[in-house]
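Lettering of chains follows the sequences in order, A, B, ..., and the numbering in each one begins at 1. Basis for what follows: all heavy atoms, side chains included, without hydrogens, waters or symmetry-related copies.
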Number of protein chains: 2
Amino acid sequence: MLHDPAQLDLMFQALADPARRQMVDRLSRGPASVSQLAEPLAMSLSAVVQHLNLLEASGLVRTQKLGRVRTCQIEPTALRAAEHWINERRLAWERRLDRLGEFLAETKDET
Amino acid sequence: MLHDPAQLDLMFQALADPARRQMVDRLSRGPASVSQLAEPLAMSLSAVVQHLNLLEASGLVRTQKLGRVRTCQIEPTALRAAEHWINERRLAWERRLDRLGEFLAETKDET
DNA sequence: TAAACACTGAAGCATTTACTTAACTATTGC
DNA sequence: GCAATAGTTAAGTAAATGCTTCAGTGTTTA
């Protein structure tokens with residue numbers, strides 16, 4: 001579920017926008033309401049709600065409404081999935097470099 | 001340079017597209033030419049070049065041309081930067097949860 | 001030297017994105 | 001109950017994205 005390409009699309013796409021990254025950054029310091037998320041952003045509340053809906057659809061943020069205020073939280077599982085995708089590719093590359101280095105060292109010995 | 005928001009925009013945006021992620025995935029297994037990158041993708045070579053240019057602009061991929069073939073490689077530093085941004089936010093959130101847990105445990109003791 | 005190869009670049013086009021404004025629906029406080 | 005608060009929804013728009021095709025440019029190879 002977390003490794004399905006469509007979900008990764010949504011997550012990376014969500015993170016590609018500076019306003020949405022700013023929202024995630026704010027949420028990493030604790031839960032916040034929609035208005036609190038909107039406060040530092042130079043755009044209408046409506047625009048913020050649209051960004052928030054994207055973040056929620058991507059799984060990066062979870063929200064719940066109590067009375068008239070919607071409280072938003074980070075969903076660390078989704079962050080971990082994005083992190084993991086990048087990490088696997090980077091490690092694959094680095095392991096390859098290591099093997100290449102060993103191979104070169106060995107063939108040097110053999111001359 | 002690696003933490004500048006514009007660069008992060010480019011990196012996450014680059015990773016948001018499934019074709020580009022597939023290209024990164026391919027490159028994580030070793031260098032490839034443009035045609036080799038294009039081969040599994042259901043689109044014109046020209047489209048692949050456009051994706052590749054984005055990947056290069058984002059810093060995720062480095063390329064060099066020898067004769068008529070452009071060889072592409074992963075740039076692990078950039079991958080690490082994206083990874084790092086996510087990781088910091090996730091850890092901030094998880095540390096916050098830990099502190100909250102400790103606080104709750106302590107106040108329970110005190111009753 | 002001619003043909004095949006490996007790209008490259010520009011133009012065009014349909015779709016998606018990131019907003020805006022305006023009208024609306026619930027809650028909450030007085 | 002009435003006003004203020006907190007958020008939602010719809011419609012519209014300008015710009016960006018992800019392609020396409022077509023017409024190139026160098027570089028090998030026969």
### Task
Rounded to the nearest angstrom, tell me the gap between atom CG in Leu41(B) and atom C1' in dC19(D).
13 Å
### Task
Apply side chain to side chain contact (heavy atoms under 4.5 Å, CB included) to Met11(B) and Trp85(B), showing your working.
CA-CA 11 Å; Met11(B) 287 193 298; Trp85(B) 189 93; over 6 Å; no
### Task
Starting at CD of Glu88(A), measure out to CD of Glu83(B) and round the result to the nearest 0.5 Å.
10.5 Å
### Task
Locate the shortest heavy-atom distance separating Met43(B) from Ala19(B); write the atom from each residue and the value.
CE-CB, 3.7 Å
### Query
For dT20(C), does OP1 or OP2 lie under 4.0 Å from any side-chain N or O of Ser44(A)?
yes
### Task
For Leu10(A) and dT16(C), give me the distance from atom CG to atom P, rounded to whole Å.
13 Å
### Message
I need the NE2-C1' distance between His51(B) and dT8(C), as an integer number of Å.
### Response
16 Å
### Query
Taking all atoms of both residues into account, what is the closest heavy-atom pair of Leu55(B) and Ser58(B), and its distance?
O-OG, 2.7 Å
#### Entry: N-O pairing of Glu56(B) and Arg70(B) below 4.0 Å
yes
#### Entry: Check: Val49(A) and Val34(A) side chains under 4.5 Å, non-hydrogen atoms
yes
### Query
For the helix from dT1(C)-dA30(D) to dC30(C)-dG1(D), what angle lies between the axis at the first five pairs and the axis at the last five pairs, to 10 degrees?
20°
### Query
Do Leu45(B) and Val61(B) share a hydrophobic cluster, counting only Ile, Leu, Val, Met, Phe, Trp and Tyr and linking them when any side-chain heavy atoms are less than 4.5 Å apart?
yes
### Task
Using whole Å, report how far CG of Asp9(A) lies from C1' of dT16(C).
13 Å
#### Entry: For Glu75(B), side chain to side chain donor-acceptor pair (under 3.5 Å) partners two or more places apart
Arg62(B), Thr77(B)
### Test salt bridge (Lys or Arg N to Asp or Glu O under 4.0 Å) applied to Glu94(A) and Arg80(B), step by step
CA-CA 11 Å; Glu94(A) 287 172 352; Arg80(B) 212 177 277 118; 2.5 Å; yes
#### Entry: Nucleic acid contacts - residues 13-23 of chain A versus DNA chain D, non-hydrogen atoms under 4.0 Å
none
### Message
Quick check with a 6.0 Å cut-off and a 45 degree axis cone: is Arg96(A) positioned over the face of Trp93(A)'s six-membered ring?
### Response
yes
### Message
Is it the case that dT20(C) (base atoms only) and Gln50(A) (side chain only) share a donor and an acceptor within less than 3.5 Å, ignoring hydrogens and angles?
### Response
yes
### Query
So which of residues 55-62 of chain B are in contact with DNA chain D, with a heavy-atom cut-off of under 4.0 Å?
none
## Note on the structure
So, with a heavy-atom separation below 4.0 Å from DNA chain C, the residues of residues 63-75 of chain B are Lys65(B), Arg68(B), Val69(B), Arg70(B)
### Query
Which heavy-atom pair separates Arg90(B) from Pro76(A) by the least distance, and what is that distance?
CD-O, 3.6 Å
### Query
Below 4.5 Å, heavy atoms only, C-beta onward: do Asp25(A) and Arg29(A) meet side chain to side chain?
yes
### Message
Quick check: closest heavy atoms across Leu79(B) and Ile86(A), and the distance to 0.1 Å?
### Response
O-CG2, 3.4 Å
### Summary
side chain to side chain contact (heavy atoms under 4.5 Å, CB included) test vs Arg20(B) passes for just one of Val48(B), Leu54(B), Leu15(B), namely Leu54(B)
### Message
With hydrogens left out and only the distance checked, is there a donor-acceptor pair under 3.5 Å joining Ser46(A)'s side chain and the base of dT9(D)?
### Response
yes
### Message
I want to confirm an ordering. Mapping Leu45(B) and Ala42(A) to their closest nucleotides on DNA chain C, which one lands closer to the 5' end?
### Response
Leu45(B)
### Task
Could you check which residues of residues 24-40 of chain B get a heavy atom under 4.0 Å from DNA chain C? Sort them by number, please.
Ser33(B), Val34(B), Ser35(B)
## Note on the structure
Scanning both residues in full, the closest heavy-atom pair of Leu27(B) with Ala32(B) reads CD2-N, 3.7 Å
### Task
Could you state the atom-to-atom distance from CG of Leu54(B) to P of dC19(D) in whole Å?
11 Å
### Query
Once you round it to whole Å, what is the distance between P of dA18(C) and CG of Asn53(A)?
13 Å
#### Entry: Least distance between heavy atoms, Arg89(B) atom then Ser28(A) atom
O-CB, 3.4 Å
